[in-house]
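In each ligand, atom 1 is the first atom listed, and ligand 1 is the first ligand listed.
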Amino acid sequence: MAKMWAGRTDGLTDSLADDFNSSIGFDQRMYKQDITGSMAHAAMLAACNIITTDEADTLIGGLEEILSDIESGKLEIDMTCEDIHMFVEQVLTERLGDVGKKLHTARSRNDQVALDVRMYLREEVDTISSYIRELLSALVEKADEHKTTILPGYTHLQRAQPIVFGHHLMAYAMMLLRDLDRLSDCRKRMNISPIGCCALAGTTYATDRRFEAEKLGFDGICLNSLDGVSDRDFALELLSALSILMMHLSRFSEEIILWSSWEFKFIELSNAYTTGSSIMPQKKNSDMAELVRGKTGRVYGDLLSLLTTLKGLPLAYNKDMQEDKEGVFDACDTVKMCLPVFTGMISTMTVCADNMKAAAQKGFINATDLADYLVKKGLPFRTAYKISGQLVAKCIAEGKVLETLTLDEYKEFSPVFEDDLYGEIDLLTCVEKRISEGGTSPQSVEAQIRYVKEKLQ
Ligand code: ARG
């Protein structure tokens, strides 16, 4: 069949070329945005006396019917069409006759596709943001349960200083808050309407772009028509924000995987979020976390591929730009799959507080506090430092920890040791002393939780 754009040529294209050229396989998901956009366009054309009100009503009625027929399954999207825009217009014209052909006045597929993608993606931003909020709520709840659960804090993956688990979780909460911020910021620039830029140069009709933009819930219009049809920054910004979000989830996943190992056993994931091995009966694998970590690469790839697609394009529209959609849709789909699974995994995990504490004790991360104790008892710091070091060496040799040495054993190293030493080296005391704002003390964790909760409201 000849194409709707037949004219300059007979429109009889090779079937392989047709398949190659077609985007309906992946842009059909924008049918709702395309139809809604067209309804606003028809209304604008009538408001500006470019078509009659009757014609606009007929067009809008026809478009409404197409929308409900697609949603009810009565109308199947025709995969032989070039794209969703052509499909909708073709069905409209089949159903309404000549008046259907008036819809495309004062617009082009170039501004139409830019409009549809912006409308589609702003909804994705909203959905993804609501998923992040759910993850934040789950994190805050867990953090609240673990304001006094001690574990080693690490630098270089070496035990460094005691922290509470709630503090560790809240670190991720802060990252996710910034992810939310980035999404809402990118949504602002996304929510500017390109419709009315037409093919590239605007139009000779006296259209009202602002009327149409407002009808579609946009905050403004693109002020340069070349830019309006060529700009895909909004998709790149979204891909960047999603890449950073995935990077956060991936780091978190890496810790979940480490913590679930026998070597750490800081947490145990719920059976609902683990898998077994087909050959090793003892296995309980953290596949969900591994997949989130794995899928991060794919989202980065989506960002890189669009950046690369756009880098050499002259203004304005080029067919290369049809390649904008699959990657950004894939990134949204991927993130939308990862977040709810991640939230479920976090809220159902069991925290092995005893193992965390044992690891903190075996790390002798309270040795500094022991030296400080001796200094308070009047010893010079260097002497105190040496005695503490010797006590650590004794513990290592005998498989003990500072908390389990007896007072007699302590007294062999210095007569100034008294019973009160145990309070000083108690790991909870150590974290409680870290009262600086943003530190690991339980009261600071509480303040962080309050802050995030306020932000979520
Ligand atoms: N399917 C096209 C896309 O996704 C729509 C715009 C086509 N415009 C054109 N002049 N060929 O980019």
Side-chain angles (χ1 to χ4, degrees), residues 1-38 41 63 66 70 77-93 101 103-124 190 193-203 216 222 225-236 238-239 302 305-333:
M1 193 170 71
K3 295 286 176 295
M4 283 185 83
W5 42 254
R8 162 75 171 80
T9 74
D10 57 13
L12 295 171
T13 44
D14 173 80
S15 74
L16 273 181
D18 268 352
D19 290 347
F20 185 62
N21 194 43
S22 154
S23 57
I24 195 153
F26 47 85
D27 65 22
Q28 57 168 315
R29 62 162 85 194
M30 304 191 302
Y31 71 87
K32 202 176 75 203
Q33 290 73 19
D34 194 72
I35 293 170
T36 318
S38 289
H41 190 66
L63 287 162
I66 293 176
I70 291 176
I77 295 176
D78 178 0
M79 287 303 155
T80 63
C81 275
E82 197 174 315
D83 53 33
I84 190 65
H85 327 293
M86 287 304 212
F87 170 73
V88 173
E89 201 186 326
Q90 182 183 304
V91 176
L92 192 70
T93 306
K101 295 181 187 162
L103 175 65
H104 211 52
T105 315
R107 79 171 181 187
S108 144
R109 269 188 299 157
N110 298 349
D111 55 345
Q112 192 180 353
V113 70
L115 176 81
D116 292 2
V117 178
R118 283 176 189 256
M119 284 171 66
Y120 183 87
L121 292 182
R122 71 183 177 187
E123 278 181 44
E124 294 291 78
M190 181 182 283
S193 168
I195 197 69
C197 291
C198 303
L200 73 161
T203 179
L216 294 170
C222 309
S225 62
L226 290 174
D227 179 44
V229 291
S230 307
D231 169 27
R232 296 293 183 273
D233 301 7
F234 62 90
L236 287 173
L238 175 57
L239 284 165
D302 293 328
S305 104
L306 184 56
L307 279 170
T308 313
T309 298
L310 293 172
K311 74 180 270 289
L313 296 187
L315 300 183
Y317 181 84
N318 301 270
K319 190 74 173 193
D320 317 43
M321 292 166 81
Q322 178 164 288
E323 291 290 312
D324 61 351
K325 284 172 278 301
E326 277 167 295
V328 72
F329 292 166
D330 175 72
C332 291
D333 292 347

- Message: Is there a side-chain contact between Tyr31 and Phe87 in this structure, where contact means two heavy atoms from C-beta onward sitting under 4.5 Å apart?
- Response: no
- Message: I need the atoms of ligand 1 closer than 4.0 Å to a non-hydrogen atom of Lys325, numbered in the order shown.
- Response: 3 (C), 4 (O), 12 (O)
- Query: With sequence neighbours excluded, what pairs up with Tyr317 under the ring-ring contact (aromatic ring centres under 6.0 Å, His included) test?
  - Reply: none
- the protein heavy atom lying closest to atom 6 (C) of ligand 1 turns out to be Tyr317 OH, 3.5 Å
- Item | Reported NE2-to-OG distance for the pair His85 and Ser23, which is rounded to 0.5 angstrom | 6.0 Å
- Give the numbers and elements of all ligand 1 atoms closer than 4.0 Å to a heavy atom of Asp83. 1 (N), 2 (C), 5 (C)
- Closest protein heavy atom (residue, atom, distance) for atom 8 (N) of ligand 1: Asn110 OD1, 2.9 Å
- Query: Under a 4.0 Å heavy-atom limit, does Gln112 contact ligand 1 with its side chain, its backbone, both, or neither?
  - Reply: neither
- Item | Positive for side chain to side chain donor-acceptor pair (under 3.5 Å) with Arg109, one of Glu82, Glu89, His104 | Glu82
- Query: How many angstroms lie between CG in Asp14 and CG in Asn21, if you round to the nearest 0.5 Å?
  - Reply: 11.0 Å
- Task: Below 4.0 angstrom from a heavy atom of Ser23, which ligand 1 atoms are there? Numbered from 1 as shown, please.
- Result: 1 (N)
- Closest to atom 11 (N) of ligand 1 (heavy atoms only, candidates Met30, Arg109, His85, Met86) is Arg109
- State which residue, out of Asp116, Ile35, Asp83, fulfils the side-chain contact (heavy atoms from CB on, under 4.5 Å) condition with Met30. Asp116
- Query: atom 2 (C) of ligand 1: which protein heavy atom is closest, and how many Å away?
  - Reply: Gln322 OE1, 3.2 Å
